[in-house]
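Here it is, the structure, as structure tokens.
In the text below, chain A, chain B and the rest are named by the order of the sequence lines, each starting its count at 1.
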Amino acid sequence: MKLKDKVIALAFISAIIASIVLVTAEVTEPSQSFDQLTAFWRIPLGLYLILFPTGFLFYSFLFPYKKTVIDIEGFGLSIALSISTISLSILIANMLLRFPITLEHNLIIITALNVIFYALFIFREKIVPHLTSFWVNYCSSLKPRFSWSKFIDIVFFSNIIVFLLLLADVIVKYGEEFDQILSFLSIPLLAFFILFPTGYLIVSLLFSRKKELYSTKLLLLTISLSVASFFISLVLVFISSFLIPFQFSLIIVLALLMLFNILIYILFLFVERIIPLIYFVFFRREK
Amino acid sequence: MNSMKLLRTEFWIILILFFVWLSLEMTYSIHDDYHLPYHSDEWDHIAIASEITRTDQLVNYNPYSRTGWDPQWEQNYHIFMATIMNVTDWDVVDLGGVYTALFIPVLMTFLMIFFSFLLARYLTNSTACGIIAAITVLLTRPNANILGYWFSVPMAYGMAFIPLILYVFAKAFSSKGYGYFIVLLVLLAQGTLVHPASVTIFFPAFAIYFLLSPKLLWQNKKKILLIVVEFIALISLLVGYSVFQYSFTGYSDLYQTLMQTISFTTSLYEVQAYYFLPRFITWPIFLLGMLGVASLFLSKKKEARILPLLALTLIAGVYLFFTEGRIFLSDYRRVFMYAAMLTSLLSGIGIYAIASFFLNPLKKRLKNYFIFTKKFPIVAVPQAIAVVLIAWFLFLQITFIPFTHVNMLYKVIEEEDVPAILWLKHNTSIDEVVLAMPYHSRGIYGIAGNLILYANMARLRGPRGENEPREFWAVSCEQRAKLLYGNPKYIYCVGPYQCPLDCKFLKEVYAKDSRYIYEIKR
């Protein structure tokens, strides 16, 4: 174990011990000897806890490449980060989770921060180098990918956002806030939804092994497949509305199309990412 | 090699201890004969932090009346105070809030000195310059009117963190990694929630800094975008919370409300003194500061421009206020104090610039002389004289300038009031109302926690008008009984002018050192 790692571990352990001592002093009766003993030590111990270790652990996580244990800059930034992260966390915990501002709750927050920062430091220092080398080996073992599918994640998640906005347009009543904005946006969003994502996902899945393809051809194919999928969904929903009685609406067609897109995306993830990774982990590395 | 390393470590430890001593000396010397916080604002912050520890929740009302709405622009400062009160449990010696308010100024002064050292050292690549700037930054004159590092107020937090934000900003945009940038985001978020005025002042300087280096702007577009998003989110949260209380109904008055929020006119602060910066920090320090501005602008290090840019934009803001009667993003008192602080810091860089201009050639000659002759270098004498002169100049300045306004400090309560207020703490309930003069009322709430009726206007004000208690003590006993507004249970007064009170409806429960407490018979 390097000196730097030892000092960081020491800061973490001392913070945990300080928290335990402070919380024990708080819950014991004032007449007990333990409380009298800690009454004096509580001031330096408490000040140390809120002014140093949390920031030091955060600083160590952010700057793992620094060779010295702690330099003059690290000392200053540790104090500043301790004050800032603890105050911000107490504020957020109180505003969002209604966490009371008491000693016990503050110590829970401080301890949680220390554990998180120390875990992040260990992760970055010990695990990330291994993961990086693994990832580099894995990426270099892969065959060149079909460039058309490299935006698949962005297209898929923007598709979800567009669907949610269209759904919001249906839910928001006339005259409410955002009604005008959504009405204004609904036509271009609908056009995007019908013309692009489904076809793009299908093309990415079907032709992912191909190295070269003419992009104009592919664009036409994408649009054709998208429009075709939309019409198939439209027909399916239309027929279903007769078989199972429900009111036909465009948003149900879009929901069906969205479901279809999610299935294609999961299939793509499975075929293109999970299977090669499993294959690499269990077969290629052993060779 | 190891011994060199050890020497370096020892040097840093000695330097930090020197900074600690300096901050103790500069902050506590005003408390030599008075061991309580001076300013009404300090007592108000004690009140809010005490209320947080009492209720275990954030406070968005006036604690003196425990009702109404009070926009908490400085919420994180009170959380910080309340956390210190919680973990140290100073309250076992009865004066938890007071000790916290006495501890915070020394911590903030230490951080201001330390961060100024880091900033000046980084911008000039010189530890000597860092040390000189860390001393000269103390030359701003804190006073009761525009506050400063003597007081436990959010503005002192701002003064401590401004040099650090500049330091981290300069490093974040000159390095490729995201380490310093994340630190900057955290510091800006905390700074905005502790004291918004200490962060909004950076906007113009940052904008000009990037306009002067368009290449830097393009290289760091992602980082800049993230900072803009963070600022918009924080300001929306703050304005949404403090101005609209999260009940935003329309855009019709949005522009007007925003302009009112970010612009500060003279009418708000008519009582302010119009300070003249060179006279405030003295002409030599101002001129040295301007020399520091010039030396950093001429520096090869491009990020060194950020410090003089911030100082100049703040000075321009002060000028705008003098000529147009309006200032934007932060109010005049804060902008003026920050301008004075940064000019003082820059004066350290100015001193270093003069010293290196004259001494560097001499240093080279000295080195050669010493290498060849191995004798005591006579030419070192002027250098030694120069160092002694700089040290003497700094010593004279630091022992005189910062304490010029010390006589203008006022006391909220006298130390003789403390035993009487502690009697209230130990013998009454905090829900029982105490009638006292406005200044004493603040001390009573800060130490005993009782509800009060009157407090002169500062960060907070009392629930009732300030003239009522004066009227109460001016009339006869029969009339006094009719003037008991706000349902008080106790009356606190100080002799010989106000007390003793010989009224039938009052029962004396405490009398010591001319301090009297009466219980009101119902």
Side-chain angles (χ1 to χ4, degrees), chain A residues 18-19 22-23 25-26 30 35-36 38-51 55 58-59 61-66 68-73 75-77 79-81 83-95 98-107 109-110 177, chain B residues 5 9 11-12 15-16 52-53 55-58 75-80 82-90 92-93 99 103 107 110-111 114-115 117-118 121-122 127 130 157 160-161 164-165 167-168 171 177-183 186-191 193-194 237 241 248-250:
Chain A
S19 301
L22 286 173
V23 83
E26 184 72 6
D35 189 71
Q36 285 170 1
T38 52
F40 175 73
W41 285 105
R42 207 170 152 160
I43 295 166
L45 211 61
L47 291 178
Y48 164 73
L49 190 66
I50 55 171
L51 292 180
F58 192 17
Y59 176 79
F61 158 66
L62 288 176
F63 304 98
Y65 52 83
K66 296 222 169 180
T68 47
V69 177
I70 183 164
D71 52 6
I72 193 101
E73 179 206 83
F75 176 72
L77 285 184
I79 297 175
L81 284 172
I83 295 170
S84 305
T85 47
I86 290 172
S87 303
L88 285 169
S89 306
I90 292 172
L91 178 81
I92 292 166
N94 183 272
M95 288 190 89
R98 292 273 151 217
F99 227 57
I101 304 173
T102 62
L103 176 70
E104 293 89 334
H105 289 87
N106 288 352
L107 289 176
I109 292 169
I110 294 170
E177 273 183 73
Chain B
K5 237 181 183 178
T9 314
F11 172 73
W12 293 131
L15 192 66
I16 288 170
I52 290 175
T53 55
T55 59
D56 302 336
Q57 290 298 330
L58 293 175
Q75 197 68 274
N76 268 26
Y77 184 74
H78 302 126
I79 290 178
F80 178 56
T83 313
I84 292 179
M85 283 155 109
N86 270 333
V87 294
T88 53
D89 199 25
W90 266 321
V92 289
V93 282
Y99 286 136
F103 168 72
L107 174 70
F110 168 72
L111 292 180
F114 188 73
F115 295 151
F117 163 76
L118 279 183
R121 177 172 164 254
Y122 173 66
T127 304
Y157 184 100
F161 277 74
L164 183 70
I165 291 176
Y167 172 76
V168 177
K171 282 211 152 184
Y178 274 79
Y180 287 106
F181 181 70
I182 292 169
V183 177
V186 172
L187 293 178
L188 288 176
Q190 168 73 354
L193 296 168
V194 164
L237 270 173
Y241 176 71
F248 180 62
T249 48

Heavy-atom check, side chain of B/Trp12 versus side chain of A/Phe75, under 4.5 Å |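 No, their side chains stay 4.5 Å or more apart.
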
Any side-chain heavy atom of A/Leu91 within less than 4.5 Å of one from B/Leu58?
->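 With C-beta onward as the side chain, the pair touches.
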
Heavy atoms only: give me the nearest A/Thr102-B/Asn86 pair and the separation to one decimal.
->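 Shortest heavy-atom separation between A/Thr102 and B/Asn86 comes out as C-ND2, 3.8 Å.
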
Checking heavy atoms, do the side chain of B/Val194, its backbone, both or neither come under 4.5 Å from chain A?
->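 The answer is neither part of B/Val194.
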
Could you tell me which non-hydrogen atom of B/Val186 sits nearest to which non-hydrogen atom of A/Ser84, and how far apart they are?
->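 Looks like CG1-CB, 3.7 Å.
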
Less than 4.5 Å apart, any side-chain heavy atom of A/Leu77 and any of B/Leu164?
->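 Contact flag for A/Leu77/B/Leu164 side chains = yes.
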
Contact check, side chains of A/Leu51 and B/Leu107, non-hydrogen atoms, under 4.5 Å =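 Yes; the side chains approach each other to less than 4.5 Å.
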
Shortest non-hydrogen contact from A/Leu62 to B/Gly179?
->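 Scanning both residues, the minimum pair turns out to be CD1-O, 3.9 Å.
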
Looking only at heavy atoms, what is the nearest atom pair of A/Pro100 and B/Gln57, with distance?
->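 Closest heavy-atom pair between A/Pro100 and B/Gln57: CA-NE2, 3.9 Å.
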
If the plane angle is over 60° it's perpendicular, under 30° parallel, otherwise tilted; pick one for B/Tyr180 and A/Phe63.
->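 Rings of B/Tyr180 and A/Phe63: tilted, 30 to 60°.
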
Can you tell me how far CG of B/Leu187 sits from CD1 of A/Ile83, rounded to the nearest 0.5 angstrom?
->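 Going from the CD1 atom of A/Ile83 to the CG atom of B/Leu187 covers 10.0 Å.
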
Contacting moiety of A/Ile79, where chain B heavy atoms sit under 4.5 Å =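 Side chain only.
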
Any donor-acceptor N or O pair under 3.5 Å, side chains B/Tyr122, A/Glu73 =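 No, A/Glu73 and B/Tyr122 have no side-chain donor paired with an acceptor closer than 3.5 Å.
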
Side chain / backbone / both / neither for A/Ile72 at chain B, heavy atoms under 4.5 Å |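 For A/Ile72, the contact with chain B is made by backbone and side chain together.
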
Side chain / backbone / both / neither for A/Tyr59 at chain B, heavy atoms under 4.5 Å =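 Nothing of A/Tyr59, per the 4.5 Å heavy-atom cut-off to chain B.
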
Find out whether B/Ile84 and A/Ile50 are in side-chain contact, i.e. whether some heavy atom of one side chain is under 4.5 Å from a heavy atom of the other.
->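 Yes. Closest side-chain heavy atoms under 4.5 Å.
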
Interface moiety of B/Tyr157 toward chain A, non-hydrogen atoms closer than 4.5 Å |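 Contact with chain A: side chain only.
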
Given side chains that start at C-beta, do those of B/Val87 and A/Leu103 come closer than 4.5 Å, heavy atoms only?
->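 They are in contact (side-chain heavy atoms under 4.5 Å apart), so the answer is yes.
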
